[in-house]
Amino acid sequence: MINKILDKVSSGGVWLAALSCTGCFPALGSLASALGLGFLSHFEGIAVNTLLPIFATLALLVNLYNWYKNQNHARGILGVIGPIAVLLTLYPLWQYEWSTYLFYVGICLMIVMSVLDIVKPLKEQTYKV
């Protein structure tokens, strides 16, 4: 249960941090303004440099643990691709213009996987002795 909560918190935290960076991610900046969250732009530096990597790393660790625990490889791979894409965009790939699209794919995949965990949760594996 705590893993599901941590997964949702980390995905939501990545979205919130990304919405605060209007200059970095223009599409999310306009979405934040439309939702009345324009005040988040005042926290752009701390959100992108501190919160975004923390929440993406948390999401990666939780998804790796769930992958190990459930042994569902398809969902495990899809669960870790999103946080890895976000972290790659923030650090080694930031200089490329296509990295923004990779970031968008990463955060969208994180949300899709979080919703999928709510809509269609994995069944606990039972082991026969």
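Note that the coordinates shown come from a computational prediction; the quantities given were computed from them, not determined experimentally.
- Under the 4.5 Å side-chain heavy-atom criterion for Ile, Leu, Val, Met, Phe, Trp and Tyr, L88 and I77 are members of the same hydrophobic cluster.
- Annotation: side chain to side chain donor-acceptor pair (under 3.5 Å) contacts involving residues 47-65, sequence neighbours excluded, are absent.
- Hydrophobic clustering, with ILVMFWY side chains joined whenever heavy atoms are under 4.5 angstrom apart, keeps L61 apart from V80.
- Only one option out of Y104, F103, Y96 pairs with T89 in a side-chain contact (heavy atoms from CB on, under 4.5 Å); it is F103.
- In this structure, CG on N66 lies 10.0 Å from CE on M113, to the nearest 0.5 angstrom.
- For residues 70-86, the pairs satisfying salt bridge (charged side-chain N to carboxylate O under 4.0 Å, His left out) are R75-D117, with sequence neighbours left out.
- The nearest pair of heavy atoms linking G106 to A85 is CA-CB, 3.9 Å.
- Between W67 and N72 the shortest side-chain heavy-atom distance does not fall below 4.5 Å.
- Of all heavy-atom pairs between V14 and F55, the closest is CG2-CB, 3.6 Å.
- Minimum heavy-atom separation, V86 to A56: CG1-CB, 3.9 Å.
- Distance check, rounded to the nearest 0.5 Å: CD1 of I84 to CG of L109 gives 10.5 Å.
- When all heavy atoms of S99 and W94 are compared, the pair lying nearest together is OG-O, 3.6 Å.
- The environment of E97 atom CD is sparse: at most 12 non-hydrogen atoms of other residues, nucleotides or ligands sit within 6.0 angstrom.
- Taking CG of L58 as the reference point, atom CG of L6 lies at 5.5 Å (rounded to 0.5 Å).
- Both L102 and Y91 belong to a common hydrophobic cluster when Ile, Leu, Val, Met, Phe, Trp and Tyr are linked at side-chain heavy-atom distances under 4.5 angstrom.
- Separation of atoms CG (L78) and NE2 (H73) is listed at 13.0 Å; rounding is to 0.5 Å.
- Within a 6.0 Å sphere centred on CD1 of I46, other residues, nucleotides and ligands contribute 12 heavy atoms or fewer.
- Taking all atoms of both residues into account, the shortest heavy-atom contact from S10 to M110 is O-CE, 4.3 Å.
- Under a hydrophobic-cluster definition in which Ile, Leu, Val, Met, Phe, Trp and Tyr are linked whenever side-chain heavy atoms come within less than 4.5 Å, directly or via other members, V112 and L31 are assigned to different clusters.
- A single hydrophobic cluster is not seen to contain both I54 and L60; linkage of ILVMFWY side chains at heavy-atom distances under 4.5 Å, directly or through other members, places them apart.
- In plain terms, the two heavy atoms of A17 and V48 that are nearest each other are O-CG2, 4.5 Å.
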